[in-house]
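Structure record follows, encoded as structure tokens.
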Amino acid sequence: MCGITGWVSFDRDLRASAETVDAMTQTMECRGPDDRGTWIEGPAALGHRRLAIIDLPGGRQPMTVETPEGNVALVYSGETYNYTELRAELEGLGHEFRTDSDTEVVLHGYLEWGEDLPGRLNGMYAFAVWDGRTDKLVMIRDRMGIKPFYFYETPDGVLFGSEPKAILANPNAARRVTLDGLRELFTFVKTPGHAVWDGMNEVEPGTVVTVDRTGLRQRAYWTLETKPHTDDQETTVAKVRELLDDIVRRQLVSDVPRCTLLSGGLDSSAMTAIAAQQLGGQGETVRSFAVDFLGQAENFVADELRGTPDTPFVHDVAQASGTDHQDIVLDSNALADPEVRSRVIRARDLPAGLGDMDASLYLLFKAIREHSTVALSGESADEVFGGYLQFFDEEARTAEAFPWLVSMGRHIGDDSDVIRPELAKRLDLEGYTADSYTEAVRDIERLEGESDFEYRMRRICYLHLTRFVRVLLDRKDRASMAVGLEVRVPFCDHRLVEYVYNTPWALKSFDGREKSLLREATADVLPTSVYERVKSPYPSTQDPKYALALQEHAKDLLAKPSHRVFEIVDRDRLSALAHRESPQIMQASRRGLERTLDLALWIDMYDPELVLD
């Protein structure tokens, strides 16, 4: 796991710009605290920061191979879980290896198969190859978008990086955000390729981007396809378990300490239990970690989203699977600390506005990093197996809108009401969201003979797997890599995603509950309490002290009337939120307060040019 960056400028020799390449590379230090390297040859420069996971002494980057036609150089971030099989195949084709790293396998795989390589990879990855044989840059991202990857076109080439901060360190990249960028910030629709920063784009998941002297081209090597599902229920359940066993086995491979993230929900519990079973057979014990909030278990109040606290279920799994478990308990002061909020924004390069859920994730990962370098997560099982409330909410099911927006609007409110009225009118967030939805559903394939209801549920599953999940994957990657922790996501294995996506909804919910296939496939390793538990989302603190701290920070901001955040935020609206007194009302004000405070810190850190006309 690493941070990559680079610069291709066909009109110059970048050896004269080594200082800028170093600056771009340095921004990725958090992603790769173990080593750094740069490589420059004529119009191409590559930078790499390394978090050593496999073959600690042998996986240094940038990695190069000399050929008679020119040098081929690679910078790579991620893990290829089938690299041992690919290595054996490549050796059979005559390739010789100097290291035991998956990086070298990917490099030789490119030499052998070129741009057809990613179709052979199983893993999470973002990598760039400078092919000196043809003076071409090739950028490739994994199918689900687990690893982030950005690029910025210039008049004579391109800049790229794992995160926007690497690109923004180059003087050729403008720190500009237009109305369209703000629309993306406030709507939670995750438009493919959109990076918020003007002129910057994401390499889309499952895509190859090539850049040469004739320009830039993009080609999708993987999409979520509609296919008939012919397996019966018993066979489907068995296939899901077979896939999960293989996926977890592959993703447990590591030369550094590993652990699991355990929330006490079905997803993380199933993953932890399978990992414990597999490692137990080798005489090893799984380490598990969970987040909790001071006093939450004792003072928990059930609501529509969260009917039970996590901790009792976490402990049931830890006991049943025999894990070496630790609760990471956070208090409201830490969650509301502006320094923590600043680190989260620096990690994401954007004011995400998720407040305590972002802060707690960052603090959880920071604590885990003291013990482990790799963590397995249950992330994305809800999208794959159908676990969210909106999958069962008739209003969300039938709305011609992103289903999570229907659910979120009802349960956690809206943070766009802090926007200045005149700006809100120009933004037209409702229109932007509607257009985005129309674009998102346009290419969904309908199975021949599929009922209207099954097609409607297919659409909901598709939207979650191609839009919603990318928000959460980006959030998890940034928060974890900000502290040098690699988080793996077994439920994003493309084989599992493809198989379960094409199971009809009647199978996905065969017992009338959420995630029926996953529950039944892992029933033998789950405690009864978790098997029977109703879905509960990522925890959020209920402590009124947190909202009170937000209000105090907002009052400090209001005392700075010239702050640029008020180009976006309405001061009167913020003042009203900051002075509410009832604990219940204060809780309802949280999203607007969190979004405003994030925006203010982001402006202070990045000094963006806001083009609001």
Side-chain angles (χ1 to χ4, degrees), residues 259-265 268-269 272 287-319 323-345 347 352-372 375 377-378 411-412 475-476 479-480 482-483 485 529-530 533 536-554 556 578 580-591 593-594 597-598:
C259 67
T260 67
L261 307 177
L262 179 58
S263 72
S268 65
S269 298
T272 296
R287 293 208 68 168
S288 60
F289 294 88
V291 68
D292 196 8
F293 305 107
L294 193 64
Q296 181 104 322
E298 299 83 3
N299 303 312
F300 181 82
V301 178
D303 58 28
E304 288 184 86
L305 283 179
R306 301 173 180 86
T308 51
D310 287 343
T311 301
F313 299 93
V314 167
H315 293 172
D316 285 351
V317 175
Q319 182 176 6
T323 73
D324 179 6
H325 181 74
Q326 182 176 342
D327 291 324
I328 306 299
V329 182
L330 307 174
D331 63 34
S332 295
N333 289 333
L335 294 173
D337 186 349
E339 179 58 33
V340 172
R341 189 178 297 277
S342 295
R343 291 176 185 172
V344 169
I345 293 169
L354 293 178
D356 74 302
M357 290 188 288
D358 269 350
S360 65
L361 195 66
Y362 170 82
L363 292 170
L364 170 66
F365 290 156
K366 186 172 182 288
I368 290 174
R369 186 62 176 87
E370 297 177 6
H371 309 279
S372 297
S377 165
H411 295 294
I412 62 177
R475 169 178 175 259
K476 183 148 288 182
S480 60
V483 297
L485 177 71
S529 61
V530 173
R533 189 186 185 193
S536 183
Y538 183 83
S540 178
T541 181
Q542 295 183 340
D543 189 350
K545 293 178 183 176
Y546 173 71
L548 185 61
L550 294 179
Q551 288 185 309
E552 292 305 311
H553 296 321
D556 291 340
R580 288 182 171 180
E581 296 182 359
S582 163
Q584 290 77 18
I585 295 176
M586 282 168 24
Q587 290 290 94
S589 303
R590 278 171 49 171
R591 289 201 71 207
L593 292 169
E594 288 168 335
L597 294 171
D598 281 359

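Heavy-atom basis, side chains included; hydrogens, waters and symmetry copies ignored. Start at 1 with the first residue, then count along the sequence.
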Q: Start with the C-alpha distance between H371 and C259, add both sets of side-chain angles, then the distance that settles side chain to side chain contact (heavy atoms under 4.5 Å, CB included), and finish with yes or no.
A: CA-CA 9 Å; H371 309 279; C259 67; over 6 Å; no

Q. From L363 CG over to I328 CD1, what is the distance, rounded to the nearest 0.5 angstrom?
A. 10.0 Å

Q) If only atom types and distance count, is the side chain of T541 paired as donor or acceptor with the main-chain N or O of D543 below 3.5 Å? A) yes

Q: Under the side chain to side chain donor-acceptor pair (under 3.5 Å) rule, collect the residues that match up with H315, sequence neighbours excluded.
A: D327

Q. Looking at residues at least two apart in the chain, or sitting in another chain, which of them share a salt bridge (Lys or Arg N to Asp or Glu O under 4.0 Å) with D324?
A. R287

Q: Could you check L261 against S268 for side chain to side chain contact (heavy atoms under 4.5 Å, CB included), going step by step and ending with a plain yes or no?
A: CA-CA 7 Å; L261 307 177; S268 65; 5.8 Å; no

Q: Please confirm whether the backbone N or O of M357 pairs with a side-chain atom of R475, one donor and one acceptor, at under 3.5 Å?
A: yes

Q) Hey, what do you get for NE2 (H325) to CG (L262), rounding to the nearest 0.5 Å? A) 6.0 Å

Q: Tell me, please, which residues at least two apart from R369 pass salt bridge (Lys or Arg N to Asp or Glu O under 4.0 Å).
A: none

**Q.** Residue pair L485 / S372: nearest heavy atoms and the distance that separates them
**A.** CD1-O, 3.6 Å

Q | Distance, nearest 0.5 Å, that separates CG of L335 from CZ of R341 | A | 9.5 Å

(Q) I need the minimum non-hydrogen distance between R533 and P309, along with the two atoms involved. (A) NH2-O, 3.5 Å

Q. Are V344 and D598 close enough, and set up right, to give a side chain to side chain contact (heavy atoms under 4.5 Å, CB included), and what steps lead you there?
A. CA-CA 9 Å; V344 169; D598 281 359; over 6 Å; no

Q: Can you measure from CZ (F289) to OG (S263) and round to the nearest 0.5 angstrom?
A: 15.0 Å

Q. Between H553 (side chain) and A336 (backbone), is there a donor-acceptor pair under 3.5 Å?
A. yes

Q) Stepwise, does the side chain to side chain contact (heavy atoms under 4.5 Å, CB included) test hold for V291 with L330? A) CA-CA 7 Å; V291 68; L330 307 174; 3.7 Å; yes

Q: Could you tell me the separation between the OG atom of S480 and the CG atom of L361, rounded to the nearest 0.5 Å?
A: 7.5 Å

Q. Closest approach of A479 and Y362, non-hydrogen atoms and distance?
A. O-CD1, 4.1 Å

Q.
Between the side chains of D358 and R343, is the shortest nitrogen-to-carboxylate-oxygen separation below 4.0 Å, so that they form an ion pair?
A. no

Q: Identify the two heavy atoms, one from D316 and one from S529, that lie closest to each other, and give their separation to 0.1 Å.
A: OD2-OG, 2.7 Å

Q: State, to 0.1 Å, how close V317 and S269 come at their nearest heavy-atom pair, and which atoms those are.
A: CG2-OG, 3.3 Å

(Q) Donor-acceptor check, side chain of Y546 to backbone of D356, threshold 3.5 angstrom: yes or no? (A) yes

Q | Separation of T311 OG1 from D292 CG (nearest 0.5 Å) | A | 3.5 Å

Q) Do you know the tightest heavy-atom contact between A578 and L593? A) N-CD2, 4.2 Å

